[in-house]
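Structure, as structure tokens:
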Amino acid sequence: MSTHFDVIVIGSGPAGYVCAIKCAQLGMATAVIEQAVDAKGQPELGGTCLNVGCIPSKALLDSSHRYAEATLHMAEHGISVSEVSLNIADMMARKQKIVSQLTGGVSGLLKHNGVEVITGDATLGASRQVEVTGDDAQKLIYTADNVVLAAGSEPIDIPPAPVDGDRIVDSTGALCFDAVPERLGVIGAGVIGLELGSVWARLGSEVVVLEAMDTFLPNMDEQIAKDAGKIFTKQGLDIRLGARMTGSEVSGSGVTVAYSHDGADHSETFDKLIVAVGRRPRTNKLFSADSGVSVDERGFVFVNEYCATEAPGVWAIGDIVRGPMLAHKGSEEGVMVAERIHGKAAQLNYEVVPSIIYTHPEVAAVGKTEQELRLEGAQIKVGTFPFAAIGRAQASGETDGLVKIIADADSDQILGAHVVGPSAADLVQQIVIAMEMAASTEDLQLMVFGHPTMSEAVHEAALAVDGRAIHMVNRPKR
Ligand code: FAD
Ligand code: AMP
């Protein structure tokens, strides 16, 4: 085994493994170091995303959606279903099979691209020396011309809710309950809290979400967040804003949560409690003081717009650096860094990174929100269009939500798009393409959209920017 590489990548999550594959494709001798091992002692590749994040959560969201459809929504289609029953063990086995298929796929891709996979706990020292501690506590030293840090993130724990893996769990624990909790508490109404809360609510839990902030989804467009809040409440999620959790007590019968709300103290007892109060970068023991790498007060590695750290030849990508903690953001940073190491002037357009909440309906966004733009004093025009006026949405019984497109008042260039509704993630991706190509809303207005599709809501919202929507009473603003 070689000990010097062109590139060493630390961490095999979506940022790290994509970077490693790209480096290898560009002809560089590449190694990826992964600390996690599976039950057979093999490296557990794919990071948070494949093992305990994006993929298993979407597997359960899909299974639970089918269950909710079968139990709640078939009658309206004239279909009667009897004796729908739930087998959680089978549902979890399906989820695990998907995870294994995908992690196995990553392993195959790394192998076929000639990337060397090293198992162990890596620490970056001075001069791009990487010390790797294996299972047997043996330390090996590797060196590289370039080192890419991609160590990812972990759930934040808060003193009032110490995770015990039984009554009180983090997102990882919430992906493997062996039964549907009768009453489920969720701390934090962020993306992860809403997705996991939705899974268990659809499967029959009574779900209460406690959120410390007074505003629901404060980073989303206000109008979209408001609409999403109404839809989730209608679905049965009991979302309590301004409710700060202050303590918890686990007993044989459940977990009692103390929280403050409207200036008074309250308590609730749940069978299970999911703590989903955010994630922190895993940079604690990732590098030594003489590595030249530094972090901010929250532990994020300092990088420039090209993900270069302050240490020559050391890069950092994914959840350990600024920006949204999203798999696709990290992967594209990985590609950019590989190309820059190879000498190309690659860059990433951070303005058009989409973000998605995979509830049903989905909530998705790209670019700036209306409130952000108004705060900046930008001159904008806004078009919205409700799914209720879209034929395909009516046919599918998916009429909740709307598409909102914001454009510059003078140039007509698209500045942001925000969707709550059916296929929101895919509809926003259409706008990502448009924004990347610097399209105007007029470009969208002039395009032909298939009928009947959910995409027609994008077309109509683009038309509505100039008061020209067809299937809604609106007038051009003069
Ligand atoms: P990670 O995926 O965290 O991978 C880092 C890897 O580095 C890990 O395998 C770790 O073991 C390894 N490592 C760490 N330190 C060392 C070390 N010192 N030595 C060796 N190896 C090390 N994002 C989306 O875009 N879409 C979603 O739908 C989505 N859903 C999510 C759902 C949940 C429940 C969660 C928890 C997250 C979700 N995310 C989603 C976020 C997404 O998982 C992360 O943004 C993404 O995994 C970050 O990728 P990464 O490569 O930076 O880090
Ligand atoms: P996110 O970072 O998007 O995953 O969201 C996490 C959410 O948890 C944020 O909206 C926080 O306001 C919320 N949160 C953090 N601490 C508490 C707490 N003690 N009680 C209730 N909500 C909290």
Side-chain angles (χ1 to χ4, degrees), residues 13-15 18 47-50 53-55 57-58 61 152-153 155-156 171 188-198 209 211 213 215-229 231-232 276-281 300 305 307 317-336 348-373 375 384 401-406 414-436 454 457-458 461:
V18 169
T48 305
C49 170
L50 263 59
C54 321
I55 298 302
S57 61
K58 266 81 253 178
L61 278 159
S153 61
I156 292 177
S171 58
V191 178
I192 293 175
L194 290 171
E195 289 187 5
L196 296 175
S198 296
V209 184
E211 167 54 57
M213 281 191 285
T215 315
F216 184 57
L217 295 176
N219 297 327
M220 287 273 171
D221 186 272
E222 264 171 32
Q223 188 180 2
I224 298 293
K226 210 167 148 198
D227 223 56
I231 296 169
F232 298 152
V277 296
R279 298 180 63 81
R280 64 171 157 242
F300 290 96
E305 72 254 57
C307 293
I317 56 176
D319 281 9
I320 58 168
V321 301
R322 80 282 176 271
M325 285 184 165
L326 294 170
H328 44 282
K329 173 256 189 193
S331 297
E332 291 310 316
E333 286 177 336
V335 172
M336 171 179 71
L348 182 58
N349 185 358
Y350 284 97
E351 299 293 313
V352 293
V353 176
S355 61
I356 302 131
I357 310 178
Y358 294 87
T359 42
H360 195 89
E362 294 169 345
V363 188
V366 62
K368 294 194 172 170
T369 63
E370 183 174 350
Q371 67 265 22
E372 262 179 298
L373 287 161
L375 208 66
T384 59
L402 69 142
V403 173
K404 175 172 187 171
I405 297 180
I406 310 171
I414 303 166
L415 303 175
H418 308 273
V419 181
V420 52
S423 308
D426 295 313
L427 299 188
V428 157
Q429 193 62 36
Q430 300 180 2
I431 309 286
V432 171
I433 296 168
M435 286 177 74
E436 181 61 36
M454 300 299 181
V458 170

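Below, each value reflects all heavy atoms present in this structure, side chains not excepted, and no hydrogens, waters or symmetry copies.
- Among residues two or more places apart in sequence or in another chain, the side-chain contact (heavy atoms from CB on, under 4.5 Å) test is passed with Pro281 by Thr283, Phe300, Ile320, Met325.
- Within 6.0 Å of atom CD in Glu372, more than 12 heavy atoms from other residues, nucleotides or ligands are found, so the atom counts as buried in its surroundings.
- A pairwise comparison of heavy atoms in Leu427 and Val458 identifies CB-CG2, 3.9 Å as the closest pair.
- By the side chain to side chain donor-acceptor pair (under 3.5 Å) test, Asp221 pairs with Lys404, sequence neighbours left out.
- Contact of the Pro354 side chain with the Gln429 side chain is registered, since non-hydrogen atoms from C-beta on lie closer than 4.5 Å.
- Atom CZ of Arg279 sits about 4.5 Å away from atom OG1 of Thr48, to the nearest 0.5 Å.
- Taking 4.5 Å as the limit, some side-chain heavy atom of Ile231 sits within range of a side-chain heavy atom of Val420.
- Every side-chain contact (heavy atoms from CB on, under 4.5 Å) that Lys58 has, sequence neighbours left out, goes to Leu61, Glu195, Tyr358.
- Pro422 and Pro361 make their closest contact through N-CB, 3.9 Å (heavy atoms, listed as atom of the first residue, atom of the second, distance).
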- For side chain to side chain contact (heavy atoms under 4.5 Å, CB included), just list the numbers for Gln223 and Leu402, CA-CA rounded to whole Å, side-chain angles, deciding distance to a tenth of an Å, and then say yes or no. CA-CA 10 Å; Gln223 188 180 2; Leu402 69 142; 3.8 Å; yes
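- Every side-chain contact (heavy atoms from CB on, under 4.5 Å) that Ala365 has, sequence neighbours left out, goes to Met220, Ser355, His418.
- Applying the side-chain contact (heavy atoms from CB on, under 4.5 Å) criterion to Leu415, with sequence neighbours excluded, gives Leu373, Ile380, Asp408.
- Summarising the geometry, atom OG1 belonging to Thr359 is positioned 11.5 Å from atom CG belonging to Leu196; distances are rounded to the nearest 0.5 Å.
- In this structure, the separation between CG on Asn219 and CD on Gln371 is 9.0 Å, given to the nearest 0.5 Å.
- Looking at heavy atoms from C-beta onward, Val428 lies out of side-chain contact with Val403 at the 4.5 angstrom threshold.
- Scored by the side chain to side chain donor-acceptor pair (under 3.5 Å) test, Glu436 finds Asn349 as partners (sequence neighbours excluded).
- Residues Ala15 and Ile317 share a closest heavy-atom pair of O-CD1, 3.4 Å.
- Looking at every heavy atom in both residues, Ser198 comes nearest to Leu194 through OG-O, 2.7 Å.
- Shown here are the salt bridge (charged side-chain N to carboxylate O under 4.0 Å, His left out) partners of Arg280, two or more places apart in sequence or in another chain: Glu154, Asp157.
- Residues in residues 324-336 take part in these side chain to side chain donor-acceptor pair (under 3.5 Å) pairs, two or more places apart or across chains: Arg322-Glu333, Lys329-Glu333, Glu333-Tyr350.
- Remark: Ile431 CD1 to Ile405 CD1 distance equals 4.0 Å, nearest 0.5 Å.
- Shortest non-hydrogen contact noted between Met435 and Gly416 is CE-N, 4.1 Å.
- Pairing each heavy atom of Leu217 with each of Ala189, the nearest pair is CD2-O, 3.7 Å.
- We find the CZ-CD1 distance between Phe216 and Ile224 to be 12.0 Å, quoted to the nearest 0.5 Å.
- Residues satisfying the side chain to side chain donor-acceptor pair (under 3.5 Å) criterion with Glu362, sequence neighbours excluded, are absent altogether.
- Contacts of Glu351 classified as side chain to side chain donor-acceptor pair (under 3.5 Å), with partners at least two apart in sequence or in another chain: none.
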